Structure formats: C-alpha cells, structure tokens
Amino acid sequence: MKAIKHLFLALSVICAASAYADTTRIFHDTQGRPLEATFVKLEGDTVYLQVVATGQTVGVPVSKLSAEDQTAIKTMTPAANANAMTSVATNASAHDAAAKIDQLVSMGLSQHGVKPNAPLNDEQFVRRVYLDIAGRIPNYDETTAFLKKAGTDKKARAQLIDDLLESEGYVSNMYNYFAEMLRIKDRSVDGGAFVRGLPYIQWIKDQLKANTSWDKMVSTMLTAEGKIWNNGAAGYLLRDSGMPLDNLANTLSVFLGTDVACAQCHDHPFANWTQRQFYEMASFFGATTTLLSGRDYNQAKLMAEVSSAVESGGQDPKVLMNQIRNTVIRANTYVVQDLPENRTKLPPDYRYKDGKGGDPISPKLIHWVPPNKQLKDVIKDDERLACYKLAADVEKKAASVKNTMKYNKNPMQKQTKSIGDMNENLRATFAAWATHPSNPRFAMTIANRMWARAMGQSLTANKSVVDNPDDAYNPPLIKHLANEMIRVKFNLKEFLRIVYNTQTYQREATTADLAMGEPYYFQGPVLRRMTAEQAWDSYMTLVLGEQIDKNKNDDVDLYARSVDMDLSNPKLDAPTVLRKFQAVRDINTKQRAKVGGGLAKAGEEMMDGDEMKIATFGNMKLMRASELEQPAPPGHFLREFGQSERLLIDGGVKSGSVPQVLMMMNGQAQNMLTNHDSLINRNIMKQGTPDQKVEAVFLSILNRMPTDRERAIAKKAISEEGENGAFASMIWALVNTREFSFVQ
Amino acid sequence: MSNPYLKLDPASRREFMLRTAKTAFGVSVLSHFDSAFGASSPAPSGVGGKAKSVIYLYMAGGMSHIDTWDPKTGDTKGAKDPIKTKGGFELSGYMTEMAKVADQISIVRSMSSKTGVHEAGSYVMHTGYDPRGTIIHPTLGSWAQHFLGRSHKTLPSSVVIGSGDANAGFFPPALAPVPVSSPDAGLQNVRSNIGEGQLKKRLSLMNEFDASFREKYKSSDVKAYTEFYDETMNLLSSSDLKAFNLNEVDGATKTLYGTGGFSKGCMLASRLVQHGVRFIEVRLGSWDMHNYVDQGMNRLGTEMDKGFAALITDLKQKGLLDSTLIIMGSEFGRTPRINENSGRDHYPKAYSTVFAGGGIKKGYIHGATDKDGREVTDKQATCQDFIATVGAAMGLPISEVVMSPSGRPFTVGDKGSAITELFA
C-alpha cells in the first residue's frame with residue numbers, strides 16, 4: 001500500500017509540474033457565490049480547492065459546485081503537489097504536519113537511492129535543539145533534567161521544543177538570524193548615517209517576542225513612515241538611506257527569493273530580469289525619501305545660533321560643532337516619508353532599446369517566468385492571482401500620471417491630495433503584493449529559509465534564489481513547505497515547531513562531505529559549525545547559567561528621549577539643541593553605571609536598587625550577543641569567530657583562520673572560562689567525587705557523559721596537575737574541540 | 001542554468017570551493033615555502049618584476065576621484081579647489097600631505113569599471129574577475145603565493161589589515177591572507193597566560209577528547225580546523241611574531257604616521273614588509289558618501305592623505321620604496337554631480353588608481369577624464385588591467401593559465417593588459 005502511494009505521488013510530480021496556474025479560476029457554488037481558487041484534485045465526491053485569498057486547501061463536495069464547474073473540474077489536471085496540499089488538515093497538530101514533511105523527504109530520498117541517517121540520541125538532541133532554538137548550549141541542570149525525563153517520557157522532546165520556542169532564547173536567536181539577513185547595524189558611519197539603529201533593533205526583537213506573523217512584519221517594514229525612534233520599523237528603509245536601489249535589490253532577495261542585483265546596472269546575465277524591470281520595481285519606492293535635506297529645515301540659521309550659544313570648554317569648537325551636528329541634528333534628518341512626485345528615472349547610461357536615460361519609469365510588478373513558459377502566458381495566469389489583482393489599479397493609475405510636477409521644495413508640507421495619496425499608495429501596494437499568500441514566492445522564500453536554519457542547508461542551492469521551485473532538491477517538498485507557511489498564516493514559531501518535530505530534523509548530522517554543488521536530499525541535517533552568536537552565547541551559558549537572559553540592552557528608550565527634536569518647528573532654539581546633545585552624550589555615562597561585578601558574581605542576580613548590573617570580564621560585557629553592540633566591534637570574540645559585518649545578506653562566516661584559533665587558545669574568553677571564579681568552575685567544584693566532577697564538566701560543555709576512555713584520561717590529568725589545574729585544562733580542552741564548535 | 005554552481009549562494013560557494021581546494025591540493029604549512037622571496041624575480045610579462053612586496057591601500061565604499069586624484073575646477077569641483085603639488089600636477093584640495101610627495105607617485109586617471117555595486121566592484125578590484133556563482137577567485141596575495149611560494153617560513157605571506165574578506169579563492173586555505181582587525185592589537189592573542197609546556201599539554205588533552213568526534217565526522221570542514229590549529233602552533237613558536245607589534249616601532253616613525261587608525265595600518269604594513277610579508281592590504285572603509293561628501297572628505301580624506309603620505313616617506317627613508325609597490329584602489333569613483341543630499345553617488349564610469357614605488361615611474365599621470373570628470377578621454381584602463389599591472393610588477397606570469405580544482409582556466413587579472421607606460 002505504502003509503495004503504491006509513493007508511486008502515485010512520484011508520478012503526479014512528474015506529470016503535472018506545470019499545470020498549477022492553469023487551474024486557478026473563479027469557482028461558483030450552486031447559489032452563484034464566487035470563490036477564487038486553484039483546483040488541486042478530484043477525489044471521489046470531493047473536490048479539493050486551494051483558496052487564493054487564504055492559501056488554504058479545502059475539500060468541497062462536488063455537488064455544491066455549479067453545474068458548469070462540475071463539468072469543468074472533470075477535465076482539470078491535478079496540482080503537482082496535490083497530495084501534499086490535501087494531506088495536512090487546516091488545524092493539523094505539529095506532529096501530524098511534521099509527519100507529512102517526513103513523508104515527502106523520504107520520497108525524495110528513495111527516489112535518489114539515499115538512506116536516511118540514524119536517529120539522534122537524547123544527548124545529541126538536547127544539545128542541538130537548544131542551539132537551534134535558544135541559540136546556546138543547555139546548561140548543566142537543563143541537560144541532566146532533560147536526559148532524565150527523556151528516559152521515561154516519550155513526549156519529552158516535543159515538550160522541550162515547545163518550551164524553548166516560548167523562551168527568551170528563542171527571541172535572541174531569531175533576532176541574530178534576522179540581524180544577519182537584514183544587515184542590521186546600530187552605529188553606521190557608512191555614507192554618513194548619523195542615526196543609531198537601536199529602535200529598529202528593539203522593534204525586531206519586540207515582533208519576535210510577540211510572534212508577529214512574518215507577512216505583517218515585512219509589510220510593516222516596507223510601509224513604515226517617520227523617524228526611527230517613533231517607528232522602529234522605519235529602520236528597514238533607513239538602513240539603506242541614500243541607496244534605494246540597493247535596498248530594493250535586498251528586499252527582493254531576502255523576502256522574495258529573487259536575485260536581481262545585476263539588473264540594477266544591466267540586464268541579468270543568467271535570469272530573466274531586465275534592467276528596465278528593476279527600475280519598474282524601484283518605482284514603487286520612487287516617491288519615498290529617507291533623508292531631509294538642508295532645504296527642508298532652516299539648517300544654516302539653526303547652526304549659526306547653536307554655534308554662538310555653545311561653550312566649548314576647552315574643546316576644539318569646530319570638532320564640537322561637528323559632533324553636535326552629527327549626533328543630534330543629522331539624526332533627526334533621517335525620516336521616511338512620501339513625496340509628491342515619483343523620482344524614478346532610467347539611469348543616464350541606460351543602453352537598451354526600450355527607453356533612454358532620464359525617462360520617468362512607472363511602477364510595475366515582476367512575474368516569475370519558468371524556463372518552459374512565455375512571459376505573456378505567465379502574466380495572464382498571474383492576473384488571476386489576488387496579489388496581482390489588488391495592485392493592478394494602482395499600477396494603471398501610476399502609469400497615467402504625467403511626471404510633470406515640480407519637486408515640492410518642502411516635502412513636510414501637505415502635498416497635492418490626489419497624487420500625494422497615490423504615491424503613498426505605492427509602497428502599500430508593493431507591500432500588499434509582496435506579502436500576500438498568493439504571491440508566488442513570498443511564503444516559499446521564508447519557508448525555505450526557516451528549513452535551512454533547522455537543517456543547515458536550504459532546499460535550493462542558493463537560499464536567496466527560489467526563482468524556479470522545480471529546480472529545488474525536492475520540488476514537492478519546497479512547494480509543500482510554502483503551503484504550510486501559508487496554512488500556519490506566516491506564524492514562524494508554529495512553522496519551526498513543525499520542522500523541529502520532524503524525524504528528518506531529529507536524525508544524526510550527515511558525516512560525509514557533500515559533493516560539490518550536488519543536490520542534497522535531507523537524509524538528516526548537515527553538520528555545521530556553530531554561528532559566532534551560538535558560540536558566544538554558549539560561553540555565556542557557562543559563566544551566567546540561568547541568568548543568561550536577565551540582562552537586556554535597554555539603551556533604546558534613553559536614546560529616543562535624548563535625541564528627538566522637531567527640526568521643522570521654527571521655534572527650535574539653540575538651548576534645546578544643546579540640551580539634546582548633552583543628553584545623548586550622557587548615554588555613555590549611564591551605560592557605564594550599569595556595569596558592575598566581576599566573574600565571581602556572574603551567574604547570580606546582581607541588583608543595585610532596582611537596576612540589574614551587568615557583569616564584565618576584562619572589557620567584555622557578559623551578555624547575549626543579541627544585547628551587545630550590533631555588530632560587535634572588530635577584534636571581539638564574535639567578530640573573530642565570524643559574526644557578519646552586516647554589510648552583505650547572510651554575511652556570517654563559519655570557516656576558521658589562524659587568528660581565530662589564536663583566540664580560541666589564548667583569548668580573553670578562554671581566560672574567563674578557565675578562571676577559578678567562573679560559574680562553570682564553581683559548579684564543577686560543588687560536585688562530590690573527582691569522577692562526578694569529570695561528568696559535570698562533560699555535561700556542561702559537551703552535554704553528554706564522558707566515555708570510559710575519557711574518564712581515564714581525565715583521571716590521569718588530575719593526578720598530574722591536581723584538581724584546580726586539571727579542570728581548568730579540561731575546560732580549555734573541551735571548548736577547543738571540534739565536537740564543541742560543530743553542531744552534530 | 002545547467003551548471004549547479006551558478007545557483008549556489010556565496011556562503012555555500014565559499015564552503016564548496018574550500019572543500020574542493022583542500023581535497024585537490026591538501027593543506028600543508030611549509031610546502032609552499034621556497035627561496036623565491038628576496039631573490040630578484042624574473043619579469044615573465046616583459047615589464048615590472050621589481051616589486052618584492054605590495055601594499056594595497058583599499059578605499060572601501062567608492063572613493064570620489066574628483067575629491068582626490070583627479071580634481072576639477074568647473075561645476076563638479078566640490079567644496080575644495082585643486083592644489084599644486086611637488087609632482088607638477090594638481091591634486092584635490094583635501095590631499096595636502098600627498099601634494100608634498102606627489103613626485104613619488106603615478107596616477108591612472110582613466111580607470112573605468114562596469115559595475116556600480118559595492119560588493120561586485122570590490123570583488124573585481126581585488127581579483128580581476130566579475131563575481132560568478134560558480135567560483136571564488138583568488139586575490140593577488142594568494143596568486144603570488146601560488147606562483148612564488150611562501151614569503152616567510154612562519155609569518156603569513158599575505159595580511160589584510162582592517163575588516164575585509166580574507167579567503168584564498170579556489171586555492172587551498174593555507175594561501176588565504178591573515179586578517180588583522182586593528183593595527184594596534186596586531187596579531188591578537190599571541191601571548192598565552194600559561195606557559196608553552198602547559199599549552200601543549202592542553203592541546204594534547206583536546207586531541208584526546210576530540211578523537212572519537214573526528215573519527216566519526218571526517219568532513220573537510222572539520223579537518224580544516226585541525227590544520228588551522230597546527231599552523232597556529234607553528235606561528236606561535238616563531239620569533240618573528242614581533243613583526244606585528246607596533247610598540248617596537250621607533251619614536252620618529254610613530255610621529256611620522258600619527259595616531260589615525262588608517263595611518264597605523266600603514267605603519268604596520270611597512271613593518272610587515274620589513275619582516276618579509278609579501279602582500280599587505282590596508283583597508284579604509286566609509287567612502288560611500290551619498291550624503292555630505294565635504295564632511296566625509298574632511299574626515300576620511302584627511303585620514304587617508306596623512307597615512308598614504310607617511311607610508312611613502314617611511315619606505316623611502318628605509319630604502320624599501322624601490323622594492324615595495326604601493327597601490328591605491330576603490331570599487332568605483334563617485335558622481336561628478338553633487339546630489340540633493342550634498343553627496344555623490346556611485347560612478348564606475350571614470351575613476352582613479354594610484355601607484356608608487358616598486359619600479360613604477362615617478363610623477364606620471366596616465367590617461368585623463370574630461371573637464372568635469374565624467375568620461376574617460378584618454379587611455380582607458382579596466383579593473384583587469386589594474387590587477388594585471390600589479391601582477392606584472394610582482395613578476396607573476398600574468399598570462400599563465402592556472403586550472404581551478406573544477407577544471408576551469410584562470411589568469412592573474414583575467415587577461416587584462418599590464419599598463420606598460422607605468423613602469424620606469
């Protein structure tokens with residue numbers, strides 16, 4: 001029976017790959033009520049339809065359809081992934097949904113004659129799942145508690161997944177992922193960005209904590225207005241202030257799995273994107289500015305007043321004036337707002353026949369054209385999708401506007417109503433299209449990314465390109481995961497819960513090298529080195545224990561309150577500017593006051609009045625990577641271990657280097673762990689016998705019991721060095737093993 | 001789209017390439033060492049061959065050509081007037097220190113690139129190749145190590161100072177430049193707070209505890225890490241480590257460079273050259289001046305001006321300028337027109353690179369742009385020509401085809417032509 005089912009699925013994949021869009025239409029019920037849906041399959045008296053608006057697949061009795069539809073469905077080809085689409089009930093449990101994924105994975109494996117890896121044991125599971133969900137290794141107590149429970153309780157794993165998804169660690173770890181993907185920086189001097197990223201960073205963390213759905217998060221970022229501290233989501237466009245084209249290329253890449261960066265300057269050499277198409281997409285953001293210019297407020301007058309009011313107190317007045325300008329005045333010029341005119345024009349060096357440099361370009365959405373199809377046919381199909389429909393009106397209107405309006409010298413003033421409204425609609429339209437369940441790539445892109453997070457490898461060779469899902473390593477699986485993302489309504493936590501509950505995830509990591517560029521069929525996750533953040537946060541686990549998530553970076557409120565002023569207010573005077581400047585300067589002093597307590601106190605609750613104190617070792621603040629400077633400064637453990645500079649999408653590096661190994665041998669973080677006062681050392685010494693101490697050091701660092709051989713080696717070390725020296729050496733040795741830094 | 005590499009993302013590509021390189025070449029610490037360094041290199045390309053070391057000053061973000069090496073007087077001039085220099089040509093008003101040593105440099109004012117994107121532009125200015133989904137191309141330090149072997153027994157042959165990518169392209173990872181994130185810190189963490197004997201003991205404990213894991217996971221990622229530990233131990237036992245220590249620089253030299261971060265990077269580069277490191281890149285970021293270019297130039301331009309000039313003076317005083325080539329490059333220039341945010345945008349069509357020492361002419365201007373700095377009007381040079389020129393200066397066989405592990409042919413500078421007029 002099972003074999004037959006597999007055969008049927010395999011056949012349907014091969015036969016019906018391209019039939020999907022042909023069967024999207026408006027269905028009617030017997031009372032003439034319309035429903036836009038894609039035909040999935042006909043099974044006995046039930047017809048399965050995927051509702052375009054919600055992405056959900058529903059089973060409907062054939063008799064409820066209009067007579068015309070009843071006839072039509074008899075000749076329709078079932079959807080390529082029909083079984084996947086109908087096998088998971090709308091309200092399926094994570095367990096059932098996971099089973100469906102496993103089924104698709106095992107089909108892929110058997111199709112290619114690959115055997116699945118062995119299941120994970122509990123020790124491997126507890127370490128991996130903490131690292132993957134909470135971003136750190138489990139501490140000694142967490143490890144032993146789980147191992148004990150798992151011995152008797154079959155549901156222990158699912159329960160741990162649920163608990164970790166609700167933990168603070170989940171937020172921190174997800175933030176690290178998105179910070180790398182979205183290239184989030186706090187302070188950036190590139191191109192003179194003088195506004196801090198703190199409020200944006202906090203906004204992302206807040207959304208993850210509230211588990212805001214992904215479609216809502218993205219759409220909020222794309223449509224945000226205002227200053228960063230009034231609306232953290234504005235940070236997304238402000239990140240690339242002055243480079244809207246780069247911002248768009250990144251938007252399409254991270255949210256829609258389409259790499260069009262080449263088309264910024266010329267027609268894409270490998271894909272179907274033309275430079276003109278790129279500019280048509282850019283046009284949706286062409287009526288938006290991210291920076292006030294000196295013309296938008298009375299800069300000269302204000303600076304003159306400040307200059308005469310300032311007392312330099314011995315400091316070079318020119319330097320001081322620069323600081324004032326950069327830290328407070330310019331910070332207030334970073335504002336996302338819509339303009340009365342669309343400024344998108346073809347670049348001066350445009351060299352294709354369909355336009356010339358300087359031509360105004362009106363907004364137009366792209367279409368994904370599979371290799372075996374023509375653009376015009378795809379457009380016809382896409383026009384039926386809700387996401388393209390809702391944009392059609394705005395596209396049409398925008399194209400009819402003659403771009404003759406002069407640039408309004410003061411964009412802060414209200415604009416001509418109709419055109420102003422229309423331009424405000426541009427971003428909203430783009431966002432609605434981009435994040436709609438019926439968008440052909442939005443759900444798939446984030447589903448593929450989340451899959452890659454859990455498995456160490458995406459379903460496509462490049463996780464930023466899902467242009468052609470039929471090229472994926474397991475096409476039915478990537479389509480199914482996209483449907484699942486839609487089914488769970490872009491609830492990332494729910495989606496991850498399903499993935500972590502799969503047997504596929506709970507298998508041993510693949511030990512062999514993956515052949516170069518060869519497809520991977522997910523016999524298990526891929527062996528991968530910890531990210532820099534996972535390594536640092538694991539170190540923090542060893543010195544902070546259960547206090548690890550107690551300290552948060554709360555500079556954001558202080559910053560917002562200190563820096564905000566209204567540049568457009570003619571009454572803004574020099575004393576106000578100077579007061580703001582002083583307040584921003586004082587942030588550092590206030591930050592320093594929060595630091596207190598050394599290693600011996602780390603891991604305990606350190607309160608000073610109402611304020612939690614942050615423990616330090618040397619110049620390292622002992623906090624999660626997500627609470628430290630974004631990104632960490634050069635030379636910090638995080639950077640040496642490969643933390644992204646946050647310049648490129650997914651820019652973290654996982655390869656070694658001589659300087660990195662030097663740090664792992666002699667670095668401050670190592671000195672911290674081996675120090676007698678560190679929590680790990682204190683915990684080990686609390687144990688009774690030397691053998692129990694050896695168990696504790698293994699359970700704390702590698703989250704497993706030592707083998708007999710390892711116990712013997714440890715015993716020998718203790719006899720040679722004495723306990724104090726030997727355990728410092730063992731800690732050093734264990735964090736330096738490949739077993740520590742690779743996630744198996 | 002039949003080639004699977006085309007589809008890989010950069011991280012996967014890097015990983016795949018590293019793996020293959022390792023399988024194909026193996027990683028060996030000393031195998032590339034030979035006596036080529038210090039010997040007078042032949043000049044297989046017919047010109048050059050005088051530069052035993054190279055210091056590449058890389059201006060990340062896109063350096064405005066008009067505000068530095070190709071000053072203009074018309075509408076596109078910017079905030080400062082051009083100034084007269086010792087080289088007999090004019091430089092932008094921000095280049096006051098360089099003006100004093102301009103008789104030592106040559107400028108190529110006719111650079112033109114095809115890409116206005118940072119990553120792609122930076123990539124081609126380091127490798128001579130456009131980024132491709134199929135392969136990572138090596139940078140010049142790795143090319144040199146491939147052809148000439150290691151430049152020193154224990155010290156790395158290439159170093160990158162300041163943040164930046166540091167991989168060996170399709171060569172084995174042992175040919176990758178060693179990154180130094182801050183010149184003051186030098187090579188970080190070389191001193192241990194335990195003795196060498198204790199360190200060795202800990203390493204052997206590590207190897208014993210790790211044995212079963214390494215037995216089970218024989219992936220080349222895991223192996224590569226083990227090799228990095230071996231190489232690190234070799235470096236630690238070398239007495240040449242002081243090359244990275246700026247504290248040992250004499251007072252007069254310190255005064256010459258001053259305390260700017262970039263200046264110190266230049267000072268470290270000079271010191272590394274003295275100790276036998278062949279290729280050093282010093283990076284200075286934040287040139288992406290879309291907004292407020294004048295303020296940007298006052299800050300960054302001044303820092304660059306001081307460091308570059310000090311480096312020329314220092315190497316000249318030490319008698320190393322003839323054997324050390326200094327080059328300055330950036331991914332592109334910036335728009336002649338100043339935008340509404342008082343900044344300049346990306347401009348690959350016309351920009352400048354600078355050469356000094358290492359067998360290059362002194363006080364020579366190669367090529368030109370029009371009166372506004374918009375178009376190259378004479379002797380256009382490509383990124384490939386730039387890389388080929390440096391390769392030729394180092395005596396690398398720039399036309400020799402090297403096969404990558406995946407069996408594809410590559411050359412230093414992707415068949416670019418060395419700019420022969422630059423050589424003295």
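A, B, ... follow the sequence lines: proteins, then strands. Residue 1 opens every chain. Computed from a predicted structure; not experimentally measured.
- Only the side chain of A:R529 comes within contact range of chain B, with at least one heavy atom under 4.5 Å from a heavy atom of that chain.
- Per-residue heavy-atom pair counts under 4.5 Å with chain B were compared for A:A509, A:S241, A:P371, and the maximum is reached by A:A509.
- A salt bridge is absent between A:E180 and A:R646; no separation between the charged side-chain nitrogens and carboxylate oxygens falls under 4.0 Å.
- Between A:S253 and A:S464, the shortest heavy-atom contact is OG-CB, 3.5 Å.
- When heavy atoms are compared at a cutoff of 4.5 Å, A:T333 approaches chain B solely by way of its side chain, counted from C-beta outward.
- Side chains of A:F742 and A:M530 form no contact here, defined as non-hydrogen atoms less than 4.5 Å apart.
- Of the listed residues B:Q198, B:M233, B:E208, the one with more heavy-atom pairs under 4.5 angstrom with chain A than any other is B:E208.
- In this structure, B:T154 and B:D240 approach most closely via the heavy-atom pair OG1-OD2, 3.5 Å.
- Interface check for chain B: of the options A:E720, A:R709, A:K716, the most heavy-atom pairs under 4.5 Å are formed by A:R709.
- Under a cutoff of 6.0 Å and an axis angle of 45°, A:R738 and B:Y229 form a cation-pi pair.
- Interface residue B:S192: backbone and side-chain heavy atoms are both found under 4.5 Å from chain A.
- The aromatic rings of B:H346 and B:H118 stand perpendicular to each other, their planes meeting at an angle above 60°, with 30° marking the opposite boundary.
- Looking at A:Q660, the atoms closer than 4.5 Å to chain B (heavy atoms on both sides) all sit in the side chain, from C-beta outward.
- By the 30° and 60° cut-offs, the orientation of the rings of A:F637 relative to A:F641 is parallel.
- Looking at B:L205, both its backbone and its side chain come within 4.5 Å of chain A, counting heavy atoms on both sides.
- Of the two parts of A:T707, neither the backbone nor the side chain holds a non-hydrogen atom closer than 4.5 Å to a non-hydrogen atom of chain B.
- Minimum interatomic distance between B:S142 and B:A168 (heavy atoms only, all atoms of both residues): OG-CA, 3.7 Å.
- Between B:R337 and B:D372 there is no salt bridge, since no side-chain N of the basic residue sits under 4.0 Å from a carboxylate O of the acidic one.
- Both the backbone and the side chain of B:T226 come within contact range of chain A, with heavy atoms under 4.5 Å apart.
- Between A:E508 and B:K216 there is a salt bridge, since at least one side-chain N of the basic residue sits less than 4.0 Å from a carboxylate O of the acidic one.
- For chain A, the nearby parts of B:R202 are the backbone and the side chain; heavy atoms of each come within less than 4.5 Å.
- Neither the backbone nor the side chain of B:L300 comes within contact range of chain A; no heavy atoms are under 4.5 Å apart.
- Considering only heavy-atom pairs separated by less than 4.5 Å from chain A, the leading option among B:V178, B:N339, B:V190 is B:V190.
- Only the side chain of A:F698 comes within contact range of chain B, with at least one heavy atom under 4.5 Å from a heavy atom of that chain.
- Residue A:N736 touches chain B through both its backbone and its side chain, counting heavy-atom pairs closer than 4.5 Å.
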